[in-house]
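One structure below.
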Amino acid sequence: MSDHPNDRPNSDVRWTMLAASRGQSRRRFLRAAAATGVAAGLGGVAAGQADETDWQTIELGGRSDGWIGRSPDEIQDEQNPTLALEAGETHEVTWENLDGIGHNFVVIDGAGNHLIESEIIAEEGATQTVEFEASEEMAEYYCGPHPQTMRGEISIGEPAADPEVDDEPERYFPEGPTVGVDPVAEGLVAPTDFADPDGSEYQFVTDQTGEIYAIGEDGREDEPWFDISDRMVAVAEDFYGDDYADPDQDYDERGLLGIVFHPDYAENGRFFLNYSAPPDEEMPESWSHVQVIAEFEADEAGGADPESERRLLELQQPQYNHDSGPIAFGPDGYLYIPTGDGGGADDRMEGHVADWYDDNEGGNGQNTTENLLGGVLRIDVDETGDADDRAYGIPDDNPFAAGGGLEGEGREEYYAWGLRNPFGITFSEDGRLIVGDAGQVLYEAAYEIERGGNYGWNVREGSHCFSTETPATPPAECPLETPDDVRGGEPLIDPVVEYPQVYDGQGVGIVIIGGHTYETDVIEGLEGKYIFGDWTSDQGRVQPLGRVFAAEPTDVPDVSEEREEFGGRPRDDLWDMEEVLFAGSEDGGFHHFVRMFGRGADGEVYVLANRRGVPEGDTGVVYELVPEGEGVAIEEPDDVLSDEDDPEEETENDVAPDEDGLEDEVENDGAPDDEDGAEDE
């Protein structure tokens, strides 16, 4: 069934932007209008109708935490008011952008089908008018980029009910232990990974812009231990042929994203990096960059030898986002490499192949033969390769390894698949492999990864059903396994950690940041728990409102037999979760963007953070979690944005562009999926 407004006779949509957002041209506006069947006028109310119609006018303000009623008087100052419409009557909804972040106006029916969908506008003060004929099937309205916080009901032919207001919104995460923080490294841009290798007197932190710094007893060394910025893309500058990225945006998910030292580093001096390199001769012209997994060696003086690079993997990436992050050695001595699904939105844009699930377009997460995107890879870096001229070996028990039961069903490097943007990987002391996986628009999740596991993307977002046509309104049912002719019919494994981006009207978080298990007893209440977080709870993706959580690892079924709303896993089948609070902060909040987590040799956990949603400035810091009463106070920033900042550039969550790939984007990523704050990672 089509979702275009002009395919529904009762919609008859006309809309106009009364103040065009920055960068919107008349040509681009008309092309978007034509693609959606919208008849638009650019100079006032639409197409000569104003003098002929008895208009029913509604006025709203739009900001990322909700629609604000303005008129009629019955909805004034109400957040996400119910809109009372009359079937067959012509209505106008005029809304003003209040925060300079991208919004649009969408109307859906009870099944989630789009009846009206306007263009995204992102300039503060811009006003958009949507004219339409109301129909009985209209059920809800929302903003595409912020469909949970900016969402209200539509009442047809009945007065709007008085809103029910809770005195105290319910918390999704109950309050957990209170901790302190001790800064061990400061003055970074956007820290991305942390390592504490055997055989070195230093710890190490990577910065997104290409530097690796050693951390000693007196904090971060002034000069980088190693700098690979000259091998990388210019972060937040050159976006090459990627149509998904705005060439002028400041938000970027590329860069130096991961570091891990060989288990025998003390003897062999080998370490490995995950970084983003410029396009090469093999890359299609319109693609973005090359994700490189490379080996380096330390020199005799203990520094890094810049001439020692040996590229193990070069993954062609179609879009700039979903580049994953840290890599890790397992207890088996093999290197585990998470890979994103190729970026963009929905796993269905350019560079995203077809898969077995016909209800959704795409994608790389469910296709294991065409590329190495959307999963966890496992390779043997101590082997020199084989007849295929690989720079590594394939573990014999990899799911698709030669001689195995699934030989030929997928690329031999795969260990697991069905992931969107695996962001944060760890092995617990008892051998659990846990990976955070950034969601798109509704849910964030973490998985306990097993060999040959399929984790559902893009059939599911977390444990919930997902639709590429209506990401903000999931279908009620979807498969729990692949067909028998797809790798023998495998289950779509549920997450062990999952939370909604919005709960009870309050933002919970927008990009999960995978963490580590706390393998010491220094902080009471954290022993053995999985410490993870969220990039920020600010739905506008501008304010540094990152959060830190703790979950108790337990044995739960791979797939829940009982399913809840949108086919989701019951909370009783998830790990018990709570929020970690911070001493020295007036509200217990962290007041930073959470960028990543690290774990020290003694099992303590570190939080990598900064105050900026983009890779610039010097607010990046590595905090060690310490007991309450120790460490430093966390000061709430007065204003993290300067007058020159442009929050309208933010683009996450992922919203698929129009057919020409040019619609103003807004991505979830690590975390981070787009400008001035979003790491969909």
Side-chain angles (χ1 to χ4, degrees), residues 185-195 197 202-215 219-240 242 245 247 249-261 270-280 283 288-299 302-315 317 320-327 337-340 343 423 593 595-596 598 608-610 612-622 670-672 679 681:
E186 299 178 279
L188 300 159
V189 179
T192 54
D193 202 7
F194 176 92
Y202 293 101
Q203 299 172 323
F204 295 89
V205 59
T206 55
D207 219 342
Q208 186 177 351
T209 46
E211 300 81 16
I212 304 170
Y213 290 97
I215 303 172
R220 176 179 70 84
E221 298 290 309
D222 291 337
E223 297 299 321
W225 178 75
F226 192 29
D227 186 344
I228 66 162
S229 57
D230 60 345
R231 306 168 196 242
M232 294 178 10
V233 297
V235 175
E237 293 183 20
D238 296 331
F239 287 93
Y240 304 104
D242 185 352
Q249 71 184 46
D250 294 323
Y251 179 79
D252 203 346
E253 294 183 17
R254 305 167 304 164
L256 174 54
L257 304 175
I259 184 171
V260 67
F261 289 77
R270 298 163 66 191
F271 65 97
F272 302 82
L273 301 180
N274 175 15
Y275 70 90
S276 306
D280 58 21
M283 178 171 291
S288 173
H289 64 282
V290 181
Q291 180 183 358
V292 175
I293 306 298
E295 175 188 314
F296 293 85
E297 294 182 7
D299 59 26
D305 178 3
E307 303 301 321
S308 65
E309 180 175 14
R310 185 170 71 100
R311 289 190 174 189
L312 303 180
L313 281 172
E314 297 177 333
L315 305 178
Q317 293 285 357
Y320 79 98
N321 57 347
H322 299 190
D323 290 305
S324 194
I327 53 183
I337 304 166
T339 63
F423 203 75
F593 289 98
R595 290 284 180 174
M596 190 45 66
L608 284 59
N610 72 354
R612 301 285 293 149
V614 295
E616 61 182 34
D618 60 0
T619 63
V621 61
V622 178
E679 196 143 311
E681 292 308 311

Without swapping roles, check the side chain of S308 against the backbone of E297 for a donor-acceptor pair under 3.5 Å.
yes

Over all heavy atoms of both residues, which pair between P191 and V205 is shortest? Give the atoms and the distance, please.
CB-CG2, 3.9 Å

Under a 4.0 Å N-O cut-off, is there an ion pair linking R311 with E295?
no

Quick check: does any side chain N or O of N321 sit under 3.5 Å from a backbone N or O of E253, one acting as donor and the other as acceptor?
no

N/O donor-acceptor pair under 3.5 Å between D252 side chain and G255 backbone
no

Students often mix this up, so state it plainly: with edges at 30° and 60°, are the rings of F296 and F271 parallel, tilted or perpendicular?
parallel

Ring pair (Phe, Tyr, Trp, His ring centres under 6.0 Å) partner of F261, the single match among F272, Y202, F204:
F204

Nearest 0.5 angstrom please: R231 CZ to L256 CG, how far?
11.5 Å

In this structure, OG of S276 is separated from CG of L315 (nearest 0.5 Å) by 10.5 Å

Consider side-chain contact (heavy atoms from CB on, under 4.5 Å). Of L273, V292, I228, which one does E309 pass it with?
V292

Give me the atom names and distance for the closest heavy-atom approach of R310 to R270.
NH2-NH2, 4.1 Å

T206 versus T192, side-chain donor and acceptor atoms under 3.5 Å
yes

Measuring from T619:OG1 to F593:CZ, what's the distance to the nearest 0.5 Å?
9.0 Å

Any donor-acceptor pair under 3.5 Å from W225 side chain to G302 backbone:
yes

Just wondering, do Q203 and F194 contact through their side chains at under 4.5 Å, heavy atoms?
yes

Does D207 use its side chain to pair, donor to acceptor, with the backbone of V189 at less than 3.5 Å?
yes

Taking all non-hydrogen atoms of both residues into account, name the closest pair between F226 and A304 and its distance.
CG-CB, 3.4 Å

Shortest non-hydrogen contact from V235 toward P615
CG1-CG, 3.7 Å

Q249 side-chain N/O to Y251 backbone N/O, donor-acceptor pair under 3.5 Å:
yes

Would you compute the distance between atom CG of D238 and atom OH of Y240 and round it to the nearest 0.5 angstrom?
4.5 Å

Option among R254, H322, Q291 that satisfies the side-chain hydrogen bond (donor to acceptor under 3.5 Å, both in side chains) test with Q317:
Q291

Quick one: does D305's side chain have a donor or acceptor within less than 3.5 Å of a partner on A298's backbone?
no

Spacing of CD belonging to E211 relative to CD belonging to E221, to within rounding of 0.5 Å
15.0 Å

Taking the side chain as C-beta and beyond, is there a heavy-atom pair between Y213 and D222 under 4.5 Å?
no

Gap between atom CG of L257 and atom CD1 of I327 - 0.5 Å precision:
10.0 Å

Are side-chain heavy atoms of I337 and L313 found at a separation under 4.5 Å?
yes

Considering all heavy atoms, the nearest N610-G620 contact:
CB-CA, 3.6 Å

Looking at I259 and A195, what are the two nearest heavy atoms and their distance?
CG2-CB, 4.3 Å

Side-chain donor-acceptor pair present, D242, H289, cut-off under 3.5 Å
no

Backbone N/O of G303 and side chain of D299: donor-acceptor pair under 3.5 Å
yes

Donor-acceptor pair, side chain of N274 and main chain of P326, under 3.5 angstrom
no

